[in-house]
Structures are given as structure tokens and as C-alpha cells.
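Throughout, residue positions are numbered sequentially from 1 according to the sequence presented. Source: prediction; values computed, not measured.
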Amino acid sequence: MLEFNDPEGNPRVILVDCPPDHREHALRHRIRRVDAILFTHAHVDHVFGLDDARLYNVTMHAPVHLYAERTVLDELTRIYDHIFRPHRNVNKSFVADVLTTVVEPGRAVHLFGIDATPVRLLHGALPILGWRFDAAAPVASAASTHASPLPLAYCTDVNGIPPESWVPLRGLQTLVLDMLRERKHPTHFSLDEALGAASESGARRTVFTHMTHDVRHAELSARLPAGVELGYDGLRL
């Protein structure tokens with residue numbers, strides 16, 4: 001979640017993906033608005049919380065804007081027929097009010113003083129998106145005691161980075177990167193692969209995400225090089 005004030009001083013929230021436990025996330029972290037959701041891909045663990053977006057419609061009195069590739073929007077439409085084709089619902093019901101925009105790798109989306117650029121990644125044989133965030137205009141972090149983590153790239157569920165995608169993955173303050181476990185995996189970076197990608201990127205700070213139960217947090221943390229760390233639930237960047 002990116003939480004910040006736009007150039008006019010208005011509070012803004014951007015989510016990357018909306019997983020099945022998003023309701024618990026919203027309650028725990030007191031999320032009261034979501035202006036936009038940027039999707040990486042349409043796997044269950046990244047999209048099955050979208051139905052709860054309707055509550056933000058109530059608190060904001062506005063729709064939630066969704067940004068994704070055409071294939072992902074097609075999948076969301078299939079999964080959430082009641083949201084995207086409400087006229088087909090047998091009974092009039094309370095469904096999420098959303099607007100959609102198709103995105104393409106390398107073409108930035110301008111959101112409230114943030115430039116969000118989709119980055120092509122590979123999740124095994126599946127082409128997905130990472131997202132790079134830059135401050136296009138002065139923005140203030142909602143947690144003012146924290147230095148800005150921007151430019152930041154969020155790259156989850158990845159085990160391959162095409163050559164052209166290295167350009168937006170350089171010059172970063174923060175890189176959030178998939179690292180499943182130490183052993184190789186067909187669709188996620190292993191530890192050695194993730195360390196190699198972090199080194200190639202040259203980000204000042206790399207935070208590994210999407211770890212499996214094989215990882216012992218304290219033990220592995222002690223072995224990581226400077227500038228690389230393991231993420232955890234509730235981490236603020």
C-alpha cells in the first residue's frame with residue numbers, strides 16, 4: 001500500500017493487488033480509502049479480495065479505479081461477473097463500483113503526483129507486471145517520520161526479468177522483490193537468484209517478499225548482505 005498526500009494535500013491510497021485477506025489487512029491497518037488498485041496478475045492470491053472494494057465506495061463516495069493489463073481485466077471480469085456486469089444480477093445488490101484502465105509495460109500511469117510504470121516480468125511462463133513508483137510532483141508520506149522510499153519498484157511473483165525491464169529497475173531507492181526460498185522453484189526467485197537481481201538493480205535497499213515456510217526469518221536475516229532484508233507483515237517503508 002502506498003499512502004501519501006497528493007500535491008493539493010488530499011490523502012491518497014494506492015494498492016498493489018487485492019488478496020483474499022484484504023479485509024483483515026484493512027481492519028488491522030485502518031484503511032479507510034483506496035483510490036486505485038494496480039494489479040500484477042490474476043492469480044487467486046492477488047485478486048480474491050476485490051469484492052471488499054465496495055466498502056471504499058461507501059467511505060469515499062467514489063468509485064475505485066483499477067489498472068491492469070487487458071488479459072488481467074478479462075480474468076477479473078470472468079471472476080467478478082456480479083461487479084462488472086451488474087445488470088445480469090437477479091437481484092439488485094451492493095457490489096463494488098469500479099472504473100478500469102488497460103495498461104501496457106513501459107507506459108506510466110499518472111496518479112495524484114505519482115508516476116506508476118508497469119514493468120514486464122516473468123512468473124514462470126506467465127507474463128506479469130511489476131510496478132515502479134516515482135514522485136512526478138511533490139508528495140508527502142502519510143507517515144511523515146519516514147523518509148520517502150521512492151523511487152520504488154514492487155516485483156512479486158517473478159523468476160525472470162526480460163532485458164528491456166532492467167531500465168526501470170535501476171536508479172531505485174527501494175526494491176521489493178520476490179524471494180520464495182533457498183531452493184530453486186519454477187516460478188519464483190530462489191535466494192541466490194533474488195540476490196543476483198538485487199545486485200544487478202543496484203537499489204539502495206532491497207526487501208524480499210513472498211517467502212515460504214522454509215525460510216527461518218532470524219537465521220536468514222543474519223546471512224544477508226548489507227542493504228538486503230526480509231520483509232514481514234506490517235512493515236513500513
Sub-3.5 Å donor-acceptor pair from the side chain of [X] to the main-chain atoms of [Y], do we have one?
| X | Y | value |
| --- | --- | --- |
| H217 | G231 | yes |
| D6 | R12 | no |
| S165 | R120 | yes |
| T77 | L73 | yes |
| T59 | Y56 | yes |

>> For residues 199-216, which residue pairs pass the salt bridge (charged side-chain N to carboxylate O under 4.0 Å, His left out) check, not counting sequence neighbours?
In response: R170-E200, R183-D214, R205-E229
> Other than V58, which residues form its hydrophobic cluster under the rule that side-chain heavy atoms must be closer than 4.5 Å?
Replying inline: L55, F94
>> Within the structure provided, determine whether D51 and H82 are in side-chain contact (heavy-atom separation under 4.5 Å).
In response: yes
>> Regarding D52 and R23, does a basic nitrogen lie under 4.0 Å from an acidic carboxylate oxygen?
In response: no
Can you sort out the partners of [X] under side chain to side chain donor-acceptor pair (under 3.5 Å), two or more places apart, ordered by chain and number?
| X | answer |
| --- | --- |
| R223 | E182, E219 |
| D81 | R85 |
| E75 | R78 |

For the atom pair [atom1] ([X]) and [atom2] ([Y]), what is the distance rounded to the nearest 0.5 Å?
| X | Y | atom1 | atom2 | value |
| --- | --- | --- | --- | --- |
| D21 | L27 | CG | CG | 11.5 Å |
| L76 | I37 | CG | CD1 | 9.0 Å |
| L129 | D157 | CG | CG | 12.0 Å |
| L15 | F39 | CG | CZ | 8.5 Å |

> Angle class for the H210/H188 ring planes (parallel below 30°, perpendicular above 60°, tilted otherwise)?
Replying inline: tilted
>> Check the orientation of H41 and H46. Use parallel for under 30°, tilted for 30 to 60°, and perpendicular for over 60°.
In response: tilted
>> Looking at E164, I'd like to know if its CD atom is crowded, meaning that more than 12 non-hydrogen atoms belonging to other residues, nucleotides or ligands lie closer than 6.0 Å.
In response: yes
>> I need the single residue from T101, D35, T100 that forms a side-chain hydrogen bond (donor to acceptor under 3.5 Å, both in side chains) with H65. Which is it?
In response: T101
> For H25, which residues count as a ring pair (Phe, Tyr, Trp, His ring centres under 6.0 Å) partner, sequence neighbours excluded?
Replying inline: none
